[in-house]
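A short worksheet on the structure shown next.
Chain letters run A, B, ... following the sequence lines, proteins first and then strands; every chain starts at 1. Predicted, not measured: the structure shown is a model, and the values here were computed from it.
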Amino acid sequence: MKRYSLSSIFTEAFRDNLGWEKAWTKRQPKKEYQIIIVGGGGHGLATAYYLAKNFNMTDIAVIEKGWIGGGNTGRNTTIIRSNYLQESSIGIYEKSRFLYETLSQDLNYNIMFSPRGVLMLCQTEHELRAMKRTSHANRINGVDTKMVAPEEVKEIVPIININGPRFPVLGALWQPRGGTARHDAVAWGYARKCSDFGIDIIEQCEVIGVKKKREKIVALETTKGNIKAKKVCFVAAGHSSVLADLAGFRLPIESVALQALVSEPIKPMIDCVVMANTVHGYLSQSDKGELVIGGGADGYNNYSQRGSFHHIEETVRALVETFPVISRLRQLRQWGGIVDMTGDRSPIISKTPVDGLYINCGWGTGGFKAIPGSGWATAEMIYNERPGKLASPFSIDRFSEGRLIDESAAAAVAH
Amino acid sequence: MSSRLPQEGSRINREKTVDFRFNGKNLKGFYGDTVASALLANNEMFVARSFKYHRPRGLFSAGEEEPNALMGIGEGPSFEPNIRATEVKLRQNMNVASQNHWPSLRFDFLSINNVFSRFFAAGFYYKTFMWPRAAWKYLFEPMIRRASGLGNAPSEYDEEYYEHIYHHTDVLIIGGGLAGITAAKALRDRGLSIMLCEKDCVIGGRYLEDSKIEERDRYKKFHEKSIGILKKSKDISVKLNTTVTGIFDHGFVLAYEENQHSNKASKKALWKIRAKTMILCTGAIERPIVFPDNDLPGIMLAASVRDYMQKYGVLLGDRLVLTTNNDYAYKTVIELKHRGIDIPVVLDARDSSDNPIIKEAEGLGIRILFGKCIGRVEGKRKASAIGICSVNGEGTIEELIPCNAIAVSGGWTPNVNLWSHCGGKLLWDGECGFYKPDPENTPTGREGETNMLALGACAGVFSNYDIQDHVPRKINQLASRLKIKSKRYIETNVFSKESEKKTKPVFALPHGASKDKQKRMYIDFQNDVKVSDLQLAVQEGFENVEHAKRYTTLGMATDQGKTSNINGIHVLSQSLGKPVDKIGHTTFRPPYKPIPLGLIAGQYAKKLFKPVRKTPIDKWNLLNNAIWEPVADWRRAYAYPKGNEGLEETLSREVLSVRKNVGLLDSSTLGKILVKGPDAGRFLDLIYTNMISTLKAGKCRYGLMCNEAGFVFDDGVVARLNDQSFLCHTTSGGADRVYAWLEEWLQTEWHHLKVFIVNLTEQYSQIAVAGPKSRELLQTFKSIDLSAEKLPFMNFIETNIDDIWVRIYRISFSGELSYELAVNSNQAEELWNKLNKVGKKYKLQPYGTEALHILRAEKGFIVVGDETDGTVTPHDLGMEWIVSKKKKDFIGKKAFSLPHLNSSIRKQLVGILTLDTNKVLPDGCHAVEDGKAIGHVTSTYFSPTLKRSIALGLIENGRSRKGSTLEFEISSKESIFAKIVDPNFYDPEGAKQDG
């Protein structure tokens with residue numbers, strides 16, 4: 001693989017860029033693989049990457065129904081943070097954030113992780129108390145966050161309205177090492193490196209059946225023919241339950257549309273990510289200059305990737321209240337993604353009732369930030385055939401044991 | 001040089017001049033001008049810089065598709081960035097400024113990007129800026145961010161009033177061109193409500209501008225007659241200046257109305273329309289041919305050149321070259337030639353054309369070269385000459401022709417975005433080279449029925465004659481399909497039948513353009529995406545149209561690719577060697593026209609944003625110096641400081657008055673849900689963990705609700721009013737949530753139960769009278785007997801205080817003898833005042849929510865949301881007594897048998913007493929053992945009663961730790977040590993509240 005560097009850019013600039021190779025090789029499926037990852041989004045590609053990098057496994061195919069990164073990896077608001085309340089969540093999200101810090105260098109692909117900070121506002125006494133608890137939990141678990149006073153909030157985000165009129169800002173939880181990254185680049189960067197490791201990335205290849213022998217997985221039926229595999233992992237957020245159904249088991253998951261929008265690009269007006277949970281909206285500004293805005297998920301299950309407008313309306317209203325100067329900016333684009341919602345809004349990284357079949361799903365509305373950590377933990381589970389320390393709290397049997405990991409105390413919104 | 005013609009201009013009034021400023025220059029335009037036409041009239045051809053390379057750009061169109069001329073308009077609170085000059089009417093003293101340059105438009109420092117553009121190919125930033133690692137955060141990204149964005153962000157608060165308007169209609173016609181007008185006429189008098197939305201300030205589309213001189217009078221007559229019909233028809237409402245911008249599920253439509261006035265700010269409204277049937281008549285947008293150096297100022301879409309001339313009397317240049325692939329574009333040069341403008345040459349990419357319009361042009365002396373196109377444009381900031389080359393070669397220049405304007409036309413692209421918003425599929429028309437609506441795969445309504453019909457140019461039918469011919473037919477078919485009052489509509493076609501105008505689908509020319517030329521062939525002007533960028537994307541494997549779009553940013557600018565989409569797809573198809581219909585297209589998403597965020601928020605902003613809910617006693621609270629606390633959407637009195645008291649003194653005074661004398665609390669926000677019906681008891685037994693159905697009328701019982709996972713969800717006192725009615729009290733913040741929860745269970749699971757529920761939270765106000773002297777105080781009202789025999793603990797009576805009806809509950813959330821008085825909200829203030837007046841004798845003090853919290857914490861009573869966080873069971877709280885063992889089922893019961901809920905290491909509610917009695921534990925701090933957190937503080941206060949700090953907390957195995965001392969880490973350096981005790985610090989026997 002041709003390395004990306006200043007000198008290669010320089011050389012290519014003088015030969016019409018004709019020397020650049022395909023970022024990842026387009027492959028047709030072989031008859032058989034050691035491992036098949038179903039789903040070519042961030043989590044799936046990261047899983048394949050860490051299988052290769054950490055465990056030298058390369059007889060792997062990543063198969064994708066559409067195009068790489070076309071699901072929620074390419075549809076989110078790109079927030080990366082690990083200021084969670086519960087220890088298990090902190091474990092995986094902080095691992096993830098930590099991996100993000102050096103991901104550009106690891107992948108030799110600039111995924112533009114920019115730790116410009118994440119600010120979670122407290123706008124009621126109750127929220128303030130809950131956030132203080134989170135900050136204590138963060139400190140004890142080694143996550144760098146702190147509570148900041150309203151005046152500091154104003155200093156970090158000059159365009160914010162801290163005096164209400166409706167919900168004055170009483171303080172905020174500040175994670176200086178949180179931030180955003182370029183979402184598409186994360187998928188492309190992983191894909192490129194996977195391809196370099198010899199992993200086959202197969203797009204336009206949909207799974208239409210699962211072949212089992214005595215409750216052990218043997219092959220997948222796909223639109224590109226049958227592919228045998230010793231181990232299979234489903235990493236297909238939005239359609240996890242559809243795949244589980246093909247494999248003959250059910251998941252405690254509901255699929256709902258989550259929407260986001262961007263404004264027209266303007267010169268920089270806000271540097272960090274602000275999440276306002278009481279009024280329900282979050283905002284950051286991309287390197288292109290667009291305000292990236294997200295809010296709540298739809299209240300009913302569907303697969304249409306279109307959401308209802310009143311959610312956009314509520315989100316925008318909340319943000320115009322918090323940042324009045326944005327009201328004359330215009331919404332450029334809106335879109336929706338289908339998110340897996342579990343009962344406790346925490347993910348599932350687990351073995352399944354089918355031997356040799358693993359699953360990674362249920363990231364709800366916050367999967368992007370978890371991509372590297374999730375891939376890391378899932379790879380470890382597939383290789384060792386049992387979940388490791390990061391993944392084990394998230395096994396599927398927690399729902400039948402009552403061992404839920406509920407973050408709702410930390411965030412009034414689904415996180 | 002662009003200029004104003006001495007006459008002509010259907011939209012302007014030459015008698016009224018309008019003064020405006022552009023980049024500090026004082027200029028003049030006419031009433032009716034757009035900012036764009038006024039700029040052109042003043043010879044401002046170079047008006048913008050592009051996003052990436054900061055290249056000089058001029059006006060490219062006359063409409064909503066404009067990619068280049070984005071302006072910052074207005075000043076102060078009404079300043080708006082990124083406004084298309086082509087869409088804004090000129091106003092007196094308007095301040096217009098170009099954007100994305102420093103220090104000025106002509107001398108822009110960042111135009112250096114253009115010089116180094118060879119290094120800045122598509123996606124270059126993914127390949128660099130990685131070393132050293134810290135440089136991204138501290139050097140590269142700040143640099144990129146500074147350069148990014150287009151206009152400046154507004155810096156002041158917006159004062160505009162935005163409005164949402166709701167409308168229901170049987171038929172919504174989108175677009176008021178010939179197709180839309182004809183459709184409206186054909187649908188009238190059938191008993192339907194019809195709404196027609198037109199984005200422009202007039203209806204009529206292009207047919208008047210397109211008519212030949214000899215036809216014009218006939219068409220005008222037709223036009224006026226049509227307008228007359230639309231005006232007269234009571235079933236048709238026409239909305240001008242209204243762009244339909246989004247189509248959603250079930251025929252929900254968003255339309256953006258912007259009425260621009262000449263002397264004041266525009267007025268904006270967002271229409272939310274429910275339409276049973278939509279008729280799409282959105283016409284088409286002219287698309288350019290991509291050729292080398294095609295982005296220079298002075299190059300414009302051919303029809304736009306004509307629009308500026310006919311509508312505003314503005315001429316792009318007096319020596320104009322046309323490059324085209326179709327017959328229609330000749331109208332422009334013919335019109336110009338008629339006005340004596342020099343047309344040195346027309347370059348037609350086709351081999352020939354037999355359309356009479358060619359003869360007409362030749363007859364006027366215009367030189368036409370077939371098989372030719374532009375191979376180069378000379379000029380730095382403005383086109384000054386073109387080089388002619390052959391369409392099939394690599395672009396060798398055969399002849400150089402000086403000119404000062406270039407019109408370009410690559411045919412027309414049906415405007416199909418809205419068709420796609422809600423599921424309609426598109427078909428590739430290879431002959432014409434565009435996507436059009438697939439009549440077999442339409443957008444669908446609630447029942448899966450077709451709810452949109454595309455007519456006219458947006459459906460690929462371009463000639464006026466054909467439109468007037470096919471629209472009535474289609475409408476008649478629609479009417480019979482929908483079984484609407486059928487009345488065949490026939491209209492005499494006034495339009496001349498024209499010979500077919502042909503377009504050869506060519507997109508980027510010359511076909512064999514060299515690498516060097518491809519780097520100067522712009523597809524997406526705003527984002528500077530060139531042919532070479534798309535080729536690089538394909539070379540690097542970004543072959544899928546979505547990948548190519550994201551890698552190159554094609555079509556992602558504020559014009560959403562209106563002029564670039566089709567050309568981009570075609571270049572992609574050529575680079576891949578795949579037919580276009582195999583490439584597909586990116587998803588069109590709302591909004592079609594960007595909507596201001598303030599308008600999306602609508603009138604429910606500022607004071608109407610989540611309106612503050614106030615209790616009937618709010619006025620008194622306000623007058624008595626209350627500090628406010630938001631609780632859900634309510635505001636509650638947090639405390640009532642007096643004089644120079646510090647907050648601690650206030651709280652201490654309020655708490656002690658309850659403990660010693662009597663206190664008065666406005667607890668009106670408490671949720672009150674009436675559950676009524678023969679099965680009410682059965683229903684509540686399923687909802688609460690404890691038994692409710694056995695409660696006797698006149699009695700109260702504290703109840704706890706869990707969710708399905710067995711975790712505490714809400715709590716409160718249930719009072720049985722009579723055999724079939726229960727009044728369930730909820731937490732203040734939980735009232736709406738609990739109400740929705742009850743409804744959900746009732747409607748989805750237990751719909752067989754005969755139960756009605758209604759939320760009475762605001763019907764009753766509630767006043768707590770708490771403290772040892774509360775009975776005495778209330779008994780001063782002679783009418784009532786509150787002796788312990790008459791009204792024991794957990795009972796209620798209904799009576800009158802003077803003439804005010806009250807329901808008095810004897811319940812306590814403070815551990816004192818206490819009564820809560822429910823009263824009809826309209827009499828709450830009166831009762832409150834009475835109690836205050838009488839209370840003076842007993843040293844009554846009103847107390848706020850914080851004192852309430854201290855009082856209950858002293859008593860060890862939980863607050864849902866503090867002691868619980870969605871992971872806490874009744875058992876964790878030491879409240880197993882409230883979980884019925886007798887009931888067969890209730891929400892949460894199943895979960896209580898799950899292993900983890902019975903695990904030995906669960907966190908349990910305990911009391912916490914700091915060893916240093918003056919040190920109050922901080923909110924939410926954690927107990928640590930061997931470096932691991934083993935629990936946290938849920939409520940922590942200084943207790944004025946006990947004169948020491950107290951806290952409640954959830955600690956792993958807490959109950960077995962009683963008596964032991966734990967370390968609470970309050971920062972990385974400091975800890976507080978505290979003893980674990982029973983969570984009831986005050987009057988553990990409960991003698992006081994029972995007394």
Determine, for [X] against [Y], whether the closest basic-nitrogen to carboxylate-oxygen distance falls under 4.0 angstrom.
X: Asp923(B); Y: Lys132(A); answer: yes
X: Glu321(A); Y: Lys606(B); answer: no
X: Arg636(B); Y: Glu125(A); answer: no
X: Glu141(B); Y: Arg116(A); answer: yes
X: Arg133(A); Y: Asp869(B); answer: yes

Q) With a cut-off of under 6.0 Å to the ring centre and 45° to the axis, is Lys22(A) in cation-pi contact with Phe542(B)? A)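 Not satisfied by the 6.0 Å and 45° rule.
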Give, for atom [atom1] of [X] and atom [atom2] of [Y], the distance between the pair rounded to the nearest 0.5 Å.
X: Phe309(A); Y: Ile595(B); atom1: CZ; atom2: CD1; answer: 5.0 Å
X: Ile83(B); Y: Arg330(A); atom1: CD1; atom2: CZ; answer: 3.5 Å
X: Trp188(A); Y: Tyr551(B); atom1: CH2; atom2: OH; answer: 7.5 Å
X: Lys267(A); Y: Ser148(B); atom1: NZ; atom2: OG; answer: 6.5 Å

- request: Pick out which of Lys137(B), Arg146(B), Arg145(B) makes a salt bridge (Lys or Arg N to Asp or Glu O under 4.0 Å) with Asp271(A).
  value: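 Passing option: Arg145(B).
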Problem set entry | Backbone of Pro630(B) reached by a side-chain donor or acceptor of Gln123(A) within 3.5 Å | no
| request: Would you confirm whether Gln560(B), through its side chain, and Leu332(A), through its main-chain N or O, come within 3.5 Å as a donor-acceptor pair? | output: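 Indeed, once roles are kept as given, a pair shorter than 3.5 Å links the two residues.
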Audit row: Glu313(A), Lys272(B), salt bridge (charged side-chain N to carboxylate O under 4.0 Å, His left out) steps and yes/no: CA-CA 12 Å; Glu313(A) 199 178 306; Lys272(B) 293 172 167 175; 2.6 Å; yes
Practice prompt. Check whether the ring centres of Trp335(A) and His421(B) lie less than 6.0 Å apart, and answer yes or no.
Written response: no
So for Pro611(B), is it side chain, backbone, both, or neither that comes closer than 4.5 Å to the heavy atoms of chain A?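 Pro611(B) touches chain A through backbone heavy atoms alone.
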>> Please classify the contact between Ala933(B) and chain A as side chain, backbone, both or neither, with a heavy-atom cut-off of under 4.5 Å.
In response: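 Ala933(B) touches chain A through backbone and side-chain heavy atoms alike.
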> Tell me, do Ser104(A) and Phe129(B) make a side-chain contact under 4.5 Å, heavy atoms counted?
Replying inline: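 No, side chains not in contact.
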Ring pair (Phe, Tyr, Trp, His ring centres under 6.0 Å) between Phe119(B) and Phe10(A), intermediate numbers included
CA-CA 7 Å; Phe119(B) 302 105; Phe10(A) 195 77; 5.4 Å; yes
Exercise. Is it the case that more than 12 heavy atoms not belonging to Trp102(B) sit under 6.0 Å from its CH2 atom?
Worked result: no
Side chain to side chain donor-acceptor pair (under 3.5 Å) test vs Asp16(A) passes for just one of Arg118(B), Lys519(B), Lys515(B), namely Lys519(B)
Are Arg182(A) and Tyr126(B) close enough that a side-chain donor and a side-chain acceptor fall under 3.5 Å? yes
